[in-house]
J.: 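First, the structure itself, so that you have it in front of you.
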Amino acid sequence: MANETRVNLKHLLEDLRDAYASPVEEVIVTELIANALDSGASRIRLESDPSSRTFRCIDNGNGMNRAALRSYHNIAASTKERGAGIGFAGVGAKLSLLVAEKVVTESRGKHGAQGAAEWFLKNTFRAPWKFVPFSGVVEEGKGTAVTIVLAQDTNQLLDPAFLTKTVQRHFYPLVSQHEAMVKILKGLYRKPIEIFVNEKSIVVEPLSSNVRSFFVHLGKSRKSVGGGFIERAAMDENFWQRLFGRDAVRSGDYGLRISTYGKVIKGGWEWLGLSPKHPELLSGVVEVPALSQILTTNKSDFLSDPASLKKYYEVRKAVQRAVLPVLRELGEIDEKKEGSKTPSSFKPLTQDIEGALSLMTETFPELEALVGEHWRRRLASEGKGKKKRTRGEVEVIVGAARGIPVASDEDLLTATKRDKASMNLREDASGEREKRVRHPGMEIVFEAFSQESERGLLGKFVEEKVIINTAHPAWLRVQHLGQEPYHVLLTVALTLGEYIQSPQGTTAFVSDFLKAWSEASEKSGRLL
């Protein structure tokens, strides 16, 4: 007697399908590959046969035994943990039920265990499956093969060109041989990943000579947590247009795409908060494996709860630091805008804002980097016996709050000594003393946002700078009324509120910020 999935599976699968922005055939391919990678596969074969209306994905991963194969047919079953890979939802074969006459899964696991099962969607409420004889599609060793017999002979899963473009679009870091991609991914996958379509290895078009590589570091760590490249097109056709064709390029293909475990998540420049001069000519990828811990189920974005956003913004800031020098080298940063300092008329307000931030560092250690020397010294003198944390100690505390392994007492002592040493006068090779290194604190700069996607922003936060959008209608209005400082104050509060992501929400952060600013400005004797 056949076993049966006793839920309204079709309704659940349609809801799950609608959570993805890509067509269902594209989702099926990417999910099958993601689950194969998570199973330890190093070789993945995609096969299409229009004559029999079949599409097949075969991998050499760890496979499943008969018990795991039984659980596999439960729509809610998953043994994977978030952050351990990119296929934790395990929905590739399950979504294929929406376009298939039947789905046959064969798997060979440890110690020669093997099994095969056939599954199909009979009607809205019935999705029966049964064990069937093992046919030997998985020829040797361990692995899994998912064979989809499609309901229509026009389905895109039967088109090798579609399969190739889907892999290139969603798994570019895996099929490229770019040095940064190889270096970052070799720590995740023991062997190089090979993906084939009808026995033809998937390759990508070589990059042009006008490409720059970069690596991403969190804070002052020397260990790379990510890496990537940016290419500037010589003509009017960027890398993705050459790879996919002009008509096939999507909005997410432009700009810098971010990936994790080799799976591309999102693209453009908006997510990074940077505005190159010619964004349409620039393209690239940055791979950051640690972000797999905060992926949404459909793997098209990152989770938005406070803890996840803190991690995301920490990584985003690190990517900004890595990318800015590349954009400067390519001539894509307006040095005049980028290098502009806080106008003298706003410097008193900036100092009071730094004072407000210094009062909030106990609750929000991330703000420590925005506090200038003046308020650091002032807080130290007003400590009333309370030990002031050094910058190194703050890094350790913030790291622990973000899930980074807690440093030992010896590490903490080293961080403290490092801070104290950095504040002392140093001698160069000639014996002459260098000038004391001072931390500049936060800057407020002004720029007219030119990109259509950014014109509605009051401001943005990039590398210890809050950039005020002078193209926003509200700025034009406050200029007419002579109330620019109030606008700047509110913009800084809202911008940092989005960056910090207080557990109590942005409104609570803004309220705390304004309260702290009133205290700081009262101490300084200035009220705007």
J.: For L218 and A318, which heavy atoms make the closest approach, and how far apart are they?
T.: CD2-CB, 3.8 Å
J.: Return the minimal non-hydrogen interatomic distance between S292 and T260, and the atom names on each side.
T.: N-OG1, 3.1 Å
J.: Is the shortest heavy-atom distance from the side chain of F449 to the side chain of K460 under 4.5 Å?
T.: yes
J.: Starting at OG1 of T147, measure out to CD1 of I58 and round the result to the nearest 0.5 Å.
T.: 6.5 Å
J.: For the pair E332 (side chain) and H278 (backbone), establish whether a donor and an acceptor sit closer than 3.5 Å, ignoring hydrogens and angles.
T.: yes
J.: Going from CG on L494 to OG1 on T507, what distance comes out if it is rounded to the nearest 0.5 angstrom?
T.: 8.5 Å
J.: N210 versus L330: any side-chain heavy-atom pair under 4.5 Å?
T.: yes
J.: Are a donor atom and an acceptor atom from the side chains of S48 and D159 found within less than 3.5 Å of each other?
T.: no
J.: Taking the inter-plane angle between the rings of Y72 and W119 on a 0 to 90° scale, is it parallel (under 30°), tilted (30 to 60°) or perpendicular (over 60°)?
T.: tilted
J.: Under a 3.5 Å distance rule, please check whether Q168 uses its side chain to pair with a backbone N or O of V203 as donor and acceptor.
T.: yes
J.: Show your reasoning for whether side chain to side chain contact (heavy atoms under 4.5 Å, CB included) applies to T144 and V138.
T.: CA-CA 6 Å; T144 298; V138 181; 5.6 Å; no
J.: Start with the C-alpha gap between L272 and V286, add the side-chain angles, then the distance that decides, and say whether side chain to side chain contact (heavy atoms under 4.5 Å, CB included) holds.
T.: CA-CA 11 Å; L272 191 54; V286 56; over 6 Å; no
J.: List the atom of L158, the atom of R53, and the distance in Å for their closest heavy-atom pair.
T.: CD2-C, 3.8 Å
J.: So W271 and Y312, would you call those rings parallel, tilted or perpendicular, with 30° and 60° as cut-offs?
T.: tilted
J.: Side chains of T105 and M64: does their closest heavy-atom pair fall under 4.5 Å?
T.: yes
J.: Using modelled atom types and a 3.5 Å cut-off, is there a donor and acceptor pairing between side-chain atoms of E287 and backbone atoms of G262?
T.: yes
J.: Is a side-chain N or O of N60 found less than 3.5 angstrom from the main chain of S42, in a donor-acceptor match?
T.: yes
J.: L274 versus L256: any side-chain heavy-atom pair under 4.5 Å?
T.: no
J.: Enter the distance from H170:NE2 to S22:OG here, rounded to the nearest 0.5 Å.
T.: 4.5 Å
J.: Do L174 and Y189 touch side chain to side chain, with heavy atoms closer than 4.5 Å?
T.: yes
J.: What is the distance from atom CG of D59 to atom CG of L32, rounded to the nearest 0.5 Å?
T.: 9.0 Å
J.: Do any N or O atoms from the side chain of E118 and from the backbone of K130 form a donor-acceptor pair under 3.5 angstrom?
T.: no
J.: Looking at K299 and E31, is any side-chain nitrogen of the basic one under 4.0 Å from a carboxylate oxygen of the acidic one?
T.: yes
J.: First locate atom CD1 of I258, then atom CG of D301, and finally report the distance between them rounded to the nearest 0.5 Å.
T.: 10.0 Å
J.: Distance-only, no hydrogens or angles: does the N298 side chain make a donor-acceptor pair with backbone N or O of A19 under 3.5 Å?
T.: yes
J.: Got a sec: does the NZ of K165 have more than 12 other heavy atoms crowding it under 6.0 Å?
T.: yes
J.: Within the supplied structure, the quantity of interest is the number of heavy atoms (other residues, nucleotides, ligands) at a distance under 6.0 Å from Q152 CD; does it exceed 12?
T.: no
J.: Looking at CD1 of I193 and CD1 of I202, how far apart are the two atoms once the value is rounded to the nearest 0.5 Å?
T.: 12.5 Å
J.: Does any non-hydrogen side-chain atom of N155 lie less than 4.5 Å from one of F55?
T.: no
J.: State whether Y172 and R257 meet the cation-pi test: NZ (Lys) or CZ (Arg) under 6.0 Å from the six-membered ring centroid, and within 45° of the perpendicular axis.
T.: no
J.: Classify the ring geometry between H178 and F229 as parallel (under 30°), tilted (30 to 60°) or perpendicular (over 60°).
T.: tilted
J.: For I44 and A36, which heavy atoms make the closest approach, and how far apart are they?
T.: CD1-CB, 3.8 Å
J.: In the structure I gave you, are the side-chain heavy atoms of R17 and V27 within less than 4.5 Å of one another anywhere?
T.: no
J.: Before you tell me yes or no, could you show the steps for F461 and Y313 under ring-ring contact (aromatic ring centres under 6.0 Å, His included), namely the whole-Å CA-CA distance, both residues' side-chain angles and the distance that decides it to 0.1 Å?
T.: CA-CA 10 Å; F461 181 73; Y313 283 120; 9.2 Å; no
J.: Taking all heavy atoms of A180 and all of G227, pick out the closest pair and write down the distance.
T.: CB-C, 3.9 Å
J.: I'd like to know whether H217 forms a side chain to side chain contact (heavy atoms under 4.5 Å, CB included) with R321, so could you lay out the CA-CA distance, the side-chain angles of the two residues, the decisive distance to 0.1 Å, and finally the verdict.
T.: CA-CA 9 Å; H217 304 268; R321 286 198 303 266; 5.8 Å; no
J.: Let's go through E106 and V104 carefully: what are the C-alpha distance in whole Å and the side-chain angles of both, what is the deciding distance for side chain to side chain contact (heavy atoms under 4.5 Å, CB included) to 0.1 Å, and is it a yes or a no?
T.: CA-CA 7 Å; E106 301 185 40; V104 179; 4.2 Å; yes
J.: Measuring only between side-chain heavy atoms, which start at C-beta, is L295 closer than 4.5 Å to F302?
T.: yes
J.: Looking only at heavy atoms, which two atoms of I28 and S96 are closest? And how far apart?
T.: CD1-CA, 3.5 Å
